[in-house]
Each structure stands twice: as structure tokens, then as C-alpha cells.
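Basis for what follows: all heavy atoms, side chains included, without hydrogens, waters or symmetry-related copies. One is the number of the first residue; the rest follow in order along the sequence.
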Amino acid sequence: MKKTVFFGALTVAGLAAGMASAATLDDVKARGSLNCGVTTGLVGFAAPDANGVWTGFDVGICRAVAAAIFGDPSAVEFVPTTGQTRFTALASGEIDLLARNTTWTMSRDADLKFEFVGVNYYDGQGFMVPKALGISSAKDLDGATVCIQTGTTTELNLADFFRTNNLSYDPVPIETNAEAQQQYLAGACDVFTTDASGLAATRATFESPEDHVLLPEIISKEPLGPLVRHGDNEWGDIARWTLNALITAEELGITSSNLAEMSAAPTDNPEVNRLLGTEGELGAMLGLEPDWAKNAIAAGGNYGELFEKNIGENTPIGLARGLNAMWTEGGLIYSPPFR
């Protein structure tokens with residue numbers, strides 16, 4: 001019954017998305033700001049600081065898109081969404097772009113009528129448990145109570161994993177990461193499961209993170225990325241190529257520190273010139289100014305800079321690049337060429 005209701009909700013959201021207007025860029029320009037859907041709070045990915053300023057890896061994507069359009073990374077309104085509300089917010093037009101650690105799946109693409117514009121983090125579902133339990137493998141979790149966010153891919157992944165391994169569990173449904181953290185630390189569940197990056201981010205906020213362990217099993221593929229509504233290819237192109245610009249900037253060695261110098265005049269590298277707008281007409285193809293990509297990169301740095309500053313190994317979250325290294329370094333991060 002729960003599955004029927006869930007997929008029924010997806011279909012309703014998909015129908016709404018399919019009826020969306022194909023003039024998002026005009027709406028965003030008329031409003032003077034981008035409405036970007038983010039999580040309700042996940043340190044390193046999207047969370048307000050003590051002054052209420054949103055920061056994080058996903059926030060960086062939002063700011064880059066705003067900068068590409070307006071030349072101003074602050075021209076964005078952040079709309080907190082849960083696993084349950086994010087798709088309705090996008091389908092209804094409440095937000096223009098969803099950048100909220102969301103997994104690219106077939107049903108979300110074909111049934112909900114959304115368009116993922118790329119992958120900004122390759123992830124997989126994992127498990128976190130208190131070290132005191134003495135558990136070293138997810139296969140030792142028979143009979144465990146598990147905190148799990150509703151409206152996410154983790155629900156079905158969890159059920160599949162336990163069924164495949166002939167294990168039982170007692171789910172503790174939660175709606176936000178903050179609620180999951182509270183329930184987990186209070187002992188309402190033995191285990192918290194979500195994307196491994198989310199577990200690392202959550203653990204980093206604990207008073208004693210060393211008292212909690214991430215189990216070795218990764219039980220799913222979770223390609224996370226920004227998405228827009230179907231039916232507006234021009235808007236999708238802007239979001240897609242902004243993400244690609246950040247990726248290509250890292251590949252070409254364009255950073256926040258050398259950006260001004262490399263964009264002051266054409267370089268010896270034609271792709272650098274096309275990307276930064278000193279050669280060619282790529283900006284016009286998107287309905288943007290020639291320096292759109294330069295502005296996007298200036299908003300927070302290239303892909304690698306965003307990663308290292310927000311979630312990298314030198315942050316409390318401590319994520320290694322791994323699959324999210326450049327393709328030239330053995331990872332999966334790769335952009336089509338700018339030509």
C-alpha cells in the first residue's frame with residue numbers, strides 16, 4: 001500500500017512538471033533572482049551559518065547559476081526542502097532549480113518529468129552505527145531499528161538489502177536530517193542510513209564523532225545532481241553548462257586565483273578562451289553574456305575548489321575525491337567539450 005501511494009505521488013508530481021511553463025529564464029530575470037531548492041540543512045552540502053548565510057557544495061551550484069545569469073552569486077533565494085517536499089516544489093514552480101543531493105533515477109526522469117542536468121557527486125548508500133555496538137558489517141544488523149528518511153531512494157535500497165541478505169529490521173521514519181540526527185543520538189534507532197556523504201556530514205557535527213563508525217558496505221549507486229523541470233530545454237542548458245563550466249575549469253587549471261589573469265586576454269588554449277568568453281559566441285547560445293562562465297567560476301571557484309572547501313579531506317567532513325576525482329585522475333567527473 002505504501003509503495004502505491006508513493007508512486008502515485010510521483011505520477012501527480014510528474015504531470016504537474018509536464019505542464020510547466022517553458023520560460024524559466026524569463027521568469028528568473030523578471031524576478032531578479034534564482035529560486036534554488038536545497039536541503040533543510042546538511043553541513044558541507046547546504047546549511048545556513050550563524051548569520052543565516054547559506055553555504056555548502058550544493059549551495060555553490062546555485063550561486064554559480066545565479067552568477068552565470070546575473071553576474072551576481074548573491075542573486076539567489078534558497079528554499080529549504082525535505083525528501084517529501086522537494087519534487088512538489090520543483091514541479092509547481094516554487095523553485096527553478098533543485099540542488100539537493102538528489103539521486104538521478106529513471107522514475108524521477110521519466111515519471112516525474114524532471115531533467116537531471118548532470119552529476120555533481122557520485123555516492124552510494126551506507127550505514128552509521130555507534131562504535132559501542134561493536135558492529136563491523138551491515139550484515140550484522142539483523143533485527144536493528146533503522147532511521148531512514150521518507151521519500152528517498154534509501155527506503156527501497158534498504159528493503160532490498162535486508163531482503164537479499166535474509167535480515168529483518170524495524171524502520172524509524174524521519175523527514176529531515178536534523179530529525180534523523182536527533183533520533184539516532186537519542187537511541188531511538190540503532191542505525192542511520194543514507195548516502196555515505198550525508199552520513200559523513202552528519203557525523204562531523206556530533207560532539208564526539210569518533211564514537212560513531214561508517215560500516216564498509218555501500219549498497220547502491222547514488223549519482224547525485226541538480227535537476228530542472230521537463231519542457232524547458234533552454235533553462236536546462238543553462239544549468240547543465242554552468243555545472244560543466246565548473247568541471248572544465250578544474251580540468252583546464254582555471255582557479256579563483258588565476259581567473260582574472262586568464263580572462264584578461266585570449267590565451268594560447270582555444271577552449272580556455274571559449275569558456276571564459278574571450279573568443280567565440282558560447283554565451284549567446286545560452287542567451288547569456290560572454291562572461292557567463294567566468295562569473296560562474298568566480299562565484300566559488302572551480303569544481304575542485306568547491307569540493308575541497310566544503311566537503312574535502314581537510315574539512316571536518318573529510319571526504320576523499322574518490323569517484324569524484326577528474327577523469328584525468330581516475331575519477332568519473334567529466335564534462336563535454338566547450339566548442
Exercise for review: Check for a donor-acceptor pair, side chain of R86 on one end and backbone N or O of L98 on the other, with a separation under 3.5 Å.
Suggested key: no
Separation between OH (Y122) and CG (L224), nearest 0.5 Å, reads 10.5 Å
Sorted by chain and residue number, the side chain to side chain donor-acceptor pair (under 3.5 Å) partners of E217 (sequence neighbours excluded) come out as S137
Besides L133, the hydrophobic cluster formed by Ile, Leu, Val, Met, Phe, Trp and Tyr side chains linked at under 4.5 Å, directly or via other members, contains F127, V129, I135, L141, V146, I148, L158, F161, F162, L167, Y169, V191, V213, L215, I219
Taken to the nearest 0.5 Å, the spacing of D237 CG from D232 CG works out to 9.0 Å
Sequence neighbours excluded, the answer for salt bridge (Lys or Arg N to Asp or Glu O under 4.0 Å) partners of E115 is R240
Any donor-acceptor N/O pair, T193 side chain to G126 backbone, under 3.5 Å:
yes
Scanning both residues in full, the closest heavy-atom pair of D123 with A196 reads OD1-N, 3.4 Å
**Report entry** Shared hydrophobic cluster for W104 and Y121 (ILVMFWY, side-chain gaps under 4.5 Å)
**Finding:** yes
For residues 56-78, which side-chain N or O atoms pair as donor and acceptor with protein atoms under 3.5 Å away, sequence neighbours left out?
unit_1 : atom_1 : unit_2 : atom_2 : d
D58    : OD1    : N120   : ND2    : 3.2
D58    : OD2    : N101   : N      : 3.1
R63    : NH1    : P73    : O      : 3.2
R63    : NH2    : W54    : O      : 3.0
D72    : OD1    : S74    : N      : 2.9
D72    : OD1    : S74    : OG     : 2.6
D72    : OD2    : S74    : OG     : 3.1

Practice item. Report whether L332 and V119 are members of the same hydrophobic cluster (ILVMFWY, side-chain heavy atoms less than 4.5 Å apart, transitive linking). Key: yes
- With distance as the sole criterion, is a donor-acceptor pair present between the side chains of N302 and T255 under 3.5 Å? no
Rounded to the nearest 0.5 angstrom, the OG1-CG distance for T152 and D195 is 8.0 Å
Please tabulate, for side-chain N and O atoms in residues 267-280, each donor-acceptor pair with protein atoms closer than 3.5 Å (sequence neighbours left out).
unit_1 : atom_1 : unit_2 : atom_2 : d
T267   : OG1    : N269   : N      : 3.1
T267   : OG1    : N269   : O      : 3.3
T267   : OG1    : N273   : OD1    : 2.9
N269   : OD1    : E271   : N      : 2.9
N269   : OD1    : V272   : N      : 3.4
E271   : OE2    : F338   : N      : 2.8
N273   : OD1    : T267   : N      : 2.6
N273   : ND2    : T267   : O      : 3.0
N273   : ND2    : N269   : O      : 3.4
N273   : ND2    : E279   : OE1    : 3.3
R274   : NE     : F338   : O      : 2.6
R274   : NH2    : F338   : O      : 3.4
T278   : OG1    : N273   : O      : 3.4

For V172, the hydrophobic cluster (side chain heavy atoms closer than 4.5 Å, chained through members) also holds none
Rounding to 0.5 Å, atoms CZ (F206) and CG (D211) come to a distance of 10.0 Å
Show your working on side-chain contact (heavy atoms from CB on, under 4.5 Å) between F192 and Q149 and close with a plain yes or no. CA-CA 9 Å; F192 178 31; Q149 292 189 46; 4.2 Å; yes
In short, R229 meets L90 closest at the heavy-atom pair NH1-O, 2.7 Å
With sequence neighbours left out, the residues meeting side chain to side chain donor-acceptor pair (under 3.5 Å) with Y184 are H212
Checklist entry - Do the non-hydrogen side-chain atoms of L246 and I297 ever get within less than 4.5 Å of each other? => result yes
- Task: Answer yes or no: is there a donor N or O on one side and an acceptor on the other, between the side chain of R108 and the main chain of F114, under 3.5 Å?
- Result: no
Rounded to the nearest 0.5 Å, the OH atom of Y303 sits from the CG atom of N244 at a distance of 12.0 Å
Residues at least two apart in sequence or cross-chain that pass side chain to side chain donor-acceptor pair (under 3.5 Å) with T164, listed by chain then number, are none
Answer yes or no: is there a donor N or O on one side and an acceptor on the other, between the side chain of T150 and the main chain of P173, under 3.5 Å? no
- Task: For the pair T248 (side chain) and A245 (backbone), establish whether a donor and an acceptor sit closer than 3.5 Å, ignoring hydrogens and angles.
- Result: no
Exercise for the section: Show the numbers, then the answer: is there a side-chain contact (heavy atoms from CB on, under 4.5 Å) between I247 and M326? Expected result: CA-CA 8 Å; I247 293 170; M326 285 280 113; 3.7 Å; yes
Worked verdict on K309 versus T315 for side-chain contact (heavy atoms from CB on, under 4.5 Å)
CA-CA 7 Å; K309 177 171 62 178; T315 69; over 6 Å; no
Residues at least two apart in sequence or cross-chain that pass side chain to side chain donor-acceptor pair (under 3.5 Å) with E251, listed by chain then number, are W327
One should read off an interatomic distance between L227 CG and L97 CG, to the nearest 0.5 angstrom, of 7.5 Å
- If you count the non-hydrogen atoms of other residues, nucleotides and ligands that lie under 6.0 Å from CD in E210, is the total more than 12? yes
Note: E94 and V79 closest approach over all heavy atoms is OE2-CG1, 3.6 Å
Sequence neighbours excluded, the answer for salt bridge (Lys or Arg N to Asp or Glu O under 4.0 Å) partners of E250 is R321
query = Can any side-chain N or O of N177 pair as donor or acceptor with the backbone N or O of L42 at less than 3.5 Å?
reply = no
Dump the intermediate steps for side-chain contact (heavy atoms from CB on, under 4.5 Å) on E234 and L25, then the final yes or no. CA-CA 8 Å; E234 290 78 9; L25 179 59; over 6 Å; no
Is there a path of hydrophobic side-chain contacts, each under 4.5 Å between heavy atoms of I/L/V/M/F/W/Y residues, joining L185 to V43? no
Looking only at heavy atoms, the pair that brings A296 and T242 closest together is CB-CG2, 4.0 Å
D96 meets the salt bridge (Lys or Arg N to Asp or Glu O under 4.0 Å) criterion, sequence neighbours left out, with R31
*Please check if atom CG in N166 has more than 12 non-hydrogen atoms from other residues, nucleotides or ligands closer than 6.0 Å.*
no
task: Determine, using the 4.5 Å side-chain heavy-atom cutoff (strictly less than), whether W235 and M285 are members of one ILVMFWY cluster.
output: yes
- Is it true that atom CG of N314 has more than 12 heavy atoms of other residues, nucleotides or ligands lying nearer than 6.0 Å? no
* H230 vs D109 side-chain heavy atoms within contact, under 4.5 Å -> yes
The complete set of disulfide bond (SG atoms under 2.5 Å apart) pairs with one or both residues in residues 263-306, sequence neighbours excluded, reads none
Looking only at heavy atoms, the pair that brings V228 and A239 closest together is CG1-CB, 4.3 Å
Heavy-atom closest pair (G287 atom, K29 atom, distance to 0.1 Å) is O-NZ, 3.5 Å
Which of T102, T103, T154 passes side-chain hydrogen bond (donor to acceptor under 3.5 Å, both in side chains) with E222? It is T103
Consider only side-chain heavy atoms of I, L, V, M, F, W and Y, link residues closer than 4.5 Å, and tell whether F116 and L323 are in one cluster. yes
